Structures are given as C-alpha cells and as structure tokens.
Amino acid sequence: MPRGGKKETYINTILKAVKLFYKYMTKQYSPNNNVDLYGLQLPDSVLNNNKWQAVIGNTPIVLNWSESGEEESGYSLVAVYSDAEAQDHLSKHVYFFTINSGVPKVLITSQTQGNPNNYLYFKETENKELRDGFSNIVNSSVTFDDVKSNFPKDEQLSYFISNYGQLPYKGYLTAENDDNGTRITYYVDESIPNDKQAISEAIEQLKAISLSVKQEVGEGITVSLKEPLETEYTLTLIDVQPTQTNHIFGRIIQEVSNGADISKRDCLVIKTKKCDIIEIYD
C-alpha cells in the first residue's frame with residue numbers, strides 16, 4: 001500500500017498514471033470493460049477462475065481485481081491499459097498494473113495465439129520509465145528483496161537481470177524458456193577472442209554470474225553464454241558447474257581441470273558443439 005494508506009483514494013491515485021503512460025497505452029480497461037487481444041477478452045478471461053490462466057514464465061499466478069491494491073495473496077490487479085485499438089495486427093500489447101506483497105509490477109503480454117494449457121504469458125515490462133513511474137505512484141516502502149519469496153522464480157530472475165551490475169562484456173542478460181525450463185542467457189555483442197587467457201576470463205565471468213544467480217534466486221538455474229552468429233551456446237553452467245560447451249571452451253576447461261587433484265573429485269561429462277564428449281574432473 002502507498003504511504004498514507006487510505007483505500008478510498010488509492011485507485012484514484014493509480015488512475016493518475018494515465019498521463020504518464022499515455023504515449024504507450026491509449027485506453028483503460030477493467031472487468032466487464034474488456035480489451036480484445038486477438039479474441040481474448042482482458043482482464044475478464046484471466047479473472048475469477050475463467051478458462052485462461054495468467055502465468056509468468058511457466059508459473060501460474062493468482063490474479064485478483066482489487067479496488068484497494070490489497071489482497072491476502074497473489075497479485076492485486078489495480079489497472080489495465082492497452083494500445084490494442086491503435087496498433088496494427090501483431091503489434092498489440094496489454095499492460096496489467098499489479099501489486100504483490102506491496103511491490104508494484106507492470107506486467108505485459110502480447111500473446112497472439114492459444115496453447116493446450118490456456119496459458120496467457122506475462123512478463124515484467126522492460127520499459128524502465130513505466131516501471132519507475134508506477135513504482136513512484138504506488139510509493140510503497142516495501143522492496144522486492146523484502147518479499148521476493150512471494151514471487152515466482154521467473155519473476156525473481158527478471159528482477160535479478162534488471163538489477164544486475166555492470167556486465168564484463170558489451171551485451172545483455174535475458175531470461176528464456178525452453179523445453180528444459182528457464183535459463184539466463186548472456187548475449188555478448190562481440191565474439192570472445194580465440195586465445196586461452198580471454199577464454200579463461202570469459203569462463204570465470206560466467207561462473208560469477210551463475211554464482212550470483214544461485215545465491216540470489218536459487219539452485220538449479222541454467223546460465224549460458226551466447227556469441228554472435230553462433231547457433232549454439234558457447235558455454236552453459238548450472239550452479240557454477242559447466243554442463244555444456246563448444247569445442248574450444250571445452251578444451252580450456254579440460255586443461256585447467258587436468259591440473260587438479262582428480263582422485264578426490266567427481267567426473268563431469270561435458271557435451272561439446274562438435275558432438276564429441278569431453279570428460280573433465282571438477
């Protein structure tokens with residue numbers, strides 16, 4: 001809740017966001033006053049146990065319409081905006097302005113088709129102006145770190161990425177979902193130089209990111225490095241340990257590992273891009 005805590009004025013405070021968000025969203029919506037997103041009526045289709053389920057990443061979320069911004073659990077949906085009437089086909093967006101455990105979140109979907117689970121996929125908007133603007137309007141004293149256990153892992157990863165410090169190479173981090181679950185991918189703008197020192201440094205840098213993910217979000221999260229023009233990941237780690245690598249990176253890891261006391265360590269099998277197998281000890 002915003003400081004001051006007057007429920008009767010809360011939704012009016014939220015609606016003042018119209019001017020701030022006008023250049024992104026041209027119309028406001030609410031229950032029984034839905035926007036048509038490619039045939040899906042929002043927000044009604046994901047409220048009140050209707051046929052569609054709102055999810056973040058692959059995690060279903062509890063979503064309730066709220067005039068006050070307060071709910072006992074889940075995400076309180078306090079406002080809905082969309083550019084659907086103004087944008088061309090396949091360029092439409094719907095924004096859900098939510099509060100979970102006192103933390104404001106602007107969720108976005110632009111989903112164009114259905115799926116067997118009837119999942120409507122949301123993610124936190126990457127637009128910093130929207131995030132900061134809504135946060136300033138809500139003016140909550142609660143921080144994400146205070147209550148992050150109340151958020152699904154996919155949103156914790158989104159928060160981790162948004163707040164990660166300076167990256168060692170030009171590029172960006174992003175969370176991606178595939179058949180194996182969610183991974184953080186580090187897309188670098190330039191290829192890593194093809195020499196032992198540069199590759200060793202890149203390995204250590206990715207290990208540092210993997211360690212931070214493990215400490216701040218949890219165990220078992222995949223972290224991968226992706227170089228430009230490559231179809232496969234250069235290096236993949238889980239909990240700081242390499243699980244897959246291209247041939248060159250694999251050879252460097254093998255060389256480093258050969259200097260260790262292998263009699264006291266477990267053998268790790270790494271799949272390389274050239275489809276051969278490198279066994280290293282770690």
Side-chain angles (χ1 to χ4, degrees), residues 55-59 121-124 126 144-145 148-149 151-257 260 265-282:
V55 300
I56 295 177
N58 287 309
T59 305
Y121 291 93
F122 284 90
K123 64 178 181 179
E124 185 177 11
E126 296 177 357
F144 186 84
D145 286 330
K148 65 181 181 181
S149 61
F151 289 81
K153 183 171 288 187
D154 294 280
E155 190 153 0
Q156 293 186 45
L157 287 174
S158 176
Y159 178 82
F160 173 85
I161 290 169
S162 299
N163 292 273
Y164 194 79
Q166 184 175 357
L167 293 169
Y169 310 105
K170 289 184 178 180
Y172 63 94
L173 297 175
T174 188
E176 300 176 324
N177 289 289
D178 55 29
D179 294 338
N180 297 318
T182 303
R183 79 170 68 226
I184 288 182
T185 303
Y186 184 6
Y187 287 92
V188 292
D189 292 347
E190 299 179 358
S191 298
I192 305 299
N194 190 16
D195 65 74
K196 183 176 180 179
Q197 180 176 348
I199 291 173
S200 297
E201 290 176 356
I203 293 169
E204 293 306 312
Q205 295 290 358
L206 197 68
K207 283 184 175 181
I209 295 174
S210 182
L211 178 60
S212 294
V213 172
K214 180 181 178 181
Q215 292 173 337
E216 297 183 28
V217 181
E219 297 181 348
I221 298 172
T222 301
V223 178
S224 296
L225 176 69
K226 189 72 173 293
E227 295 179 270
L229 304 179
E230 296 292 339
T231 58
E232 303 290 340
Y233 297 111
T234 301
L235 173 64
T236 295
L237 308 174
I238 297 179
D239 297 337
V240 195
Q241 301 301 317
T243 60
Q244 188 173 10
T245 176
N246 69 13
H247 190 74
I248 297 175
F249 272 63
R251 289 299 179 191
I252 298 299
I253 293 173
Q254 186 182 42
E255 288 180 18
V256 172
S257 298
R265 297 179 182 267
D266 296 326
C267 179
L268 176 66
V269 177
I270 292 185
K271 297 180 180 179
T272 69
K273 194 172 75 172
K274 288 188 176 181
C275 300
D276 54 351
I277 299 297
I278 295 177
E279 292 186 354
I280 67 171
Y281 291 86
D282 197 284

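Predicted, not measured: the structure shown is a model, and the values here were computed from it.
Counting heavy atoms from C-beta on, the side chains of Glu227 and Ile192 come closer than 4.5 Å. Two residues are said to be in side-chain contact when any heavy atoms from C-beta on lie closer than 4.5 Å; Val188 and Tyr186 meet this criterion. Counting heavy atoms from C-beta outward, Leu157 and Val213 have side chains that approach closer than 4.5 Å. Phe144 is not listed as a side-chain neighbour of Asn163, based on a closest heavy-atom distance of 4.5 Å or more. A heavy-atom distance below 4.5 Å is found between the side chains of Asn194 and Ile199.
Shown here is Lys148, whose NZ atom has more than 12 heavy atoms of other residues, nucleotides or ligands within 6.0 Å. Around atom CD of Glu126, no more than 12 heavy atoms belonging to other residues, nucleotides or ligands sit under 6.0 Å away.
With rounding to the nearest 0.5 angstrom, the CG atom of Leu211 is 9.5 Å from the CG atom of Asp239. Ser191 OG to Tyr169 OH: the interatomic distance, rounded to the nearest 0.5 Å, is 12.0 Å. Interatomic distance, OG1 of Thr222 versus CD1 of Ile184, reported as 9.5 Å (0.5 Å rounding). For the atom pair CD of Gln254 and CZ of Arg251, the computed distance is 5.0 Å after rounding to the nearest 0.5 Å. In this structure, the separation between CD on Gln205 and CG on Leu235 is 12.0 Å, given to the nearest 0.5 Å. Between Leu206 atom CG and Phe249 atom CZ the span is 8.5 Å, to the nearest 0.5 Å.
Judged purely by atom type and a 3.5 angstrom limit, Ser210 uses its side chain to pair as donor or acceptor with the backbone of Val240. Using modelled atom types, one side-chain atom of Ser162 and one backbone atom of Ser158 make a donor-acceptor pair closer than 3.5 Å.
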If you apply the rule ring-ring contact (aromatic ring centres under 6.0 Å, His included), what do you find for Phe151 with Tyr159, and how did you get there?
CA-CA 10 Å; Phe151 289 81; Tyr159 178 82; 8.7 Å; no

Go through Thr245 and Ile203 one step at a time and tell me if the side-chain contact (heavy atoms from CB on, under 4.5 Å) criterion holds.
CA-CA 10 Å; Thr245 176; Ile203 293 169; over 6 Å; no

What do the steps show when you test Asn246 against Glu230 for side-chain contact (heavy atoms from CB on, under 4.5 Å), and what is the final call?
CA-CA 10 Å; Asn246 69 13; Glu230 296 292 339; over 6 Å; no

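In terms of the ring pair (Phe, Tyr, Trp, His ring centres under 6.0 Å) criterion, residue partners of Phe160 (sequence neighbours excluded) are, by chain and number, Tyr164. Evaluation of the side-chain contact (heavy atoms from CB on, under 4.5 Å) rule for Ala208 yields no partner, not counting sequence neighbours.
At a cut-off of 3.5 Å, with distance as the only test, a side-chain donor of Glu201 or Gln197 sits close to an acceptor on the other residue.
Here the closest non-hydrogen pair linking Ala198 and Pro193 is CB-O, 3.6 Å. Between Asp189 and Pro228 the shortest heavy-atom distance is O-CG, 3.5 Å.
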